[in-house]
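Note on naming: letters A, B, ... go to the chains in the order of the sequence lines (proteins, then strands), and numbering restarts at 1 for each one. Values reported hereafter were calculated over all heavy atoms of this structure, with side chains retained and with hydrogens, waters and symmetry mates removed.
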2 protein chains.
Amino acid sequence: MTLKVQVPENIASFLEAQTPEAWLDLAARRLPEMLLDHANCELKAASTALGFLYRYPNRTVLVQRMSRLAREELRHFEQVRSIMDEMGIEFERIKASRYAGQLRNAVRKEEPEKLLDLLLISAIIEARSCERFAKIAPRLPMKLGQFYAGLLASEARHFEHYILFARTECGVDQSALESRLQELKVIEAALISRPDTEFRFHSGCPNES
Amino acid sequence: MTLKVQVPENIASFLEAQTPEAWLDLAARRLPEMLLDHANCELKAASTALGFLYRYPNRTVLVQRMSRLAREELRHFEQVRSIMDEMGIEFERIKASRYAGQLRNAVRKEEPEKLLDLLLISAIIEARSCERFAKIAPRLPMKLGQFYAGLLASEARHFEHYILFARTECGVDQSALESRLQELKVIEAALISRPDTEFRFHSGCPNES
């Protein structure tokens, strides 16, 4: 029996590029590293959400939503850690992939552009994570695949929350927002599609020789 | 009708000094500032818990507990922010009290003493917070008092979790642990008892002229 999981239409149409098949093949073979990096990603996602609380403490609606989001990411972090523990995978520090760092390099320095970029980048990362949850789930052992399908269900709307805040919190007009979003999507698609010597949850196209 | 809330016996006997009556009198008169600083304290407590995840990522039991603790503190942060919102209290940045900073100055630099001190200080701060929740609750408007009584119920065991980890994670013998705990308790008691020109959730004895 194979798990049937599809990338939700809103996510598929949001992203500029699909995850390369070669990444999916490799991920299924390098499960311990994927889980390890995924645990780190959930923790970093929680920290990113908390960053909004510290940077924009007066924006109550944003703050409350980001706090709830951080809690959800932490719960997923705990779940991934538990799975690793059950599977006997030792936790270790690993270098982050180029992905989030290079996206963050694109964030502009001045407000409100900075907040806009931070929100749009978070939206894109969330959408990408969900696309990978959906695509990897059917290639995993059943129980783990079901876990990833559950994460997808739980996180599938996160990117839309970020987009909504980009619309409501930044005072930037819709066309400026859309054109910036498009620029960032193109940067992200390149990071996902170009050859990458490292394997991580958000790494690019495997370049194994 | 007055709310009846008592400082739990395990907390009362753990702390070296009781909160001065003068602080309680002042807190009831400076409610908006207390809530504001309390919201900040919940957020900082969450960040402190997450700090353990980043510093000691291999210690699975500690990591899982700290992540759950961070989620609980964040939920309380959201609740305090909601109450502030209902009461029309604007959020603003305020300087932290001397309390946590001066306790952190006492943390030793080398491991495992550093981890031991961080855990013991967290235990003491948690216990103090609960003592103040219990003592301030009967002096507040009923609904707010009930909220603080609820926080007390929910956080009353936190300090014991920290003490347990101090016992199990640091490889320090029991008498060394007890004597260090006692030193830190004395530092904390002084911060709570000595005159303080600022009013905060963890400030010392009010020194109003």
Hey, are E126(B) and H161(B) close enough side-chain-wise for a donor-acceptor pair under 3.5 Å?
->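 Note: H161(B) and E126(B) side chains miss the donor-acceptor criterion.
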Cut-off 3.5 Å, side chains only: do Y99(A) and E198(A) have a donor facing an acceptor?
->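 The answer is no; no qualifying pair exists.
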Greatest number of heavy atom pairs closer than 4.5 Å to chain B - which of S67(A), A46(A), A39(A) |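 Looking at each of S67(A), A46(A), A39(A) in turn, S67(A) comes out on top.
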Count the heavy-atom pairs under 4.5 Å between each of E90(B), E72(B), R75(B), R59(B) and chain A, then report the option with the highest count.
->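 Top option by heavy-atom pairs under 4.5 Å: R75(B).
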Heavy-atom distance under 4.5 Å to chain A: side chain of L43(B), backbone, both or neither?
->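 Its backbone and side chain both get close to chain A.
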Which bit of D85(B) is near chain A, if near means a heavy-atom gap under 4.5 Å: side chain, backbone, both or neither?
->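 Contact with chain A is through the side chain of D85(B) alone.
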Validation row: F147(B), L140(B) side chains within 4.5 angstrom (heavy atoms) |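 No, too far: nothing below the 4.5 Å cut-off.
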Charged tip of R132(B) within 45° of W23(B) ring normal and under 6.0 Å =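 The answer is yes; both the distance and angle limits are met.
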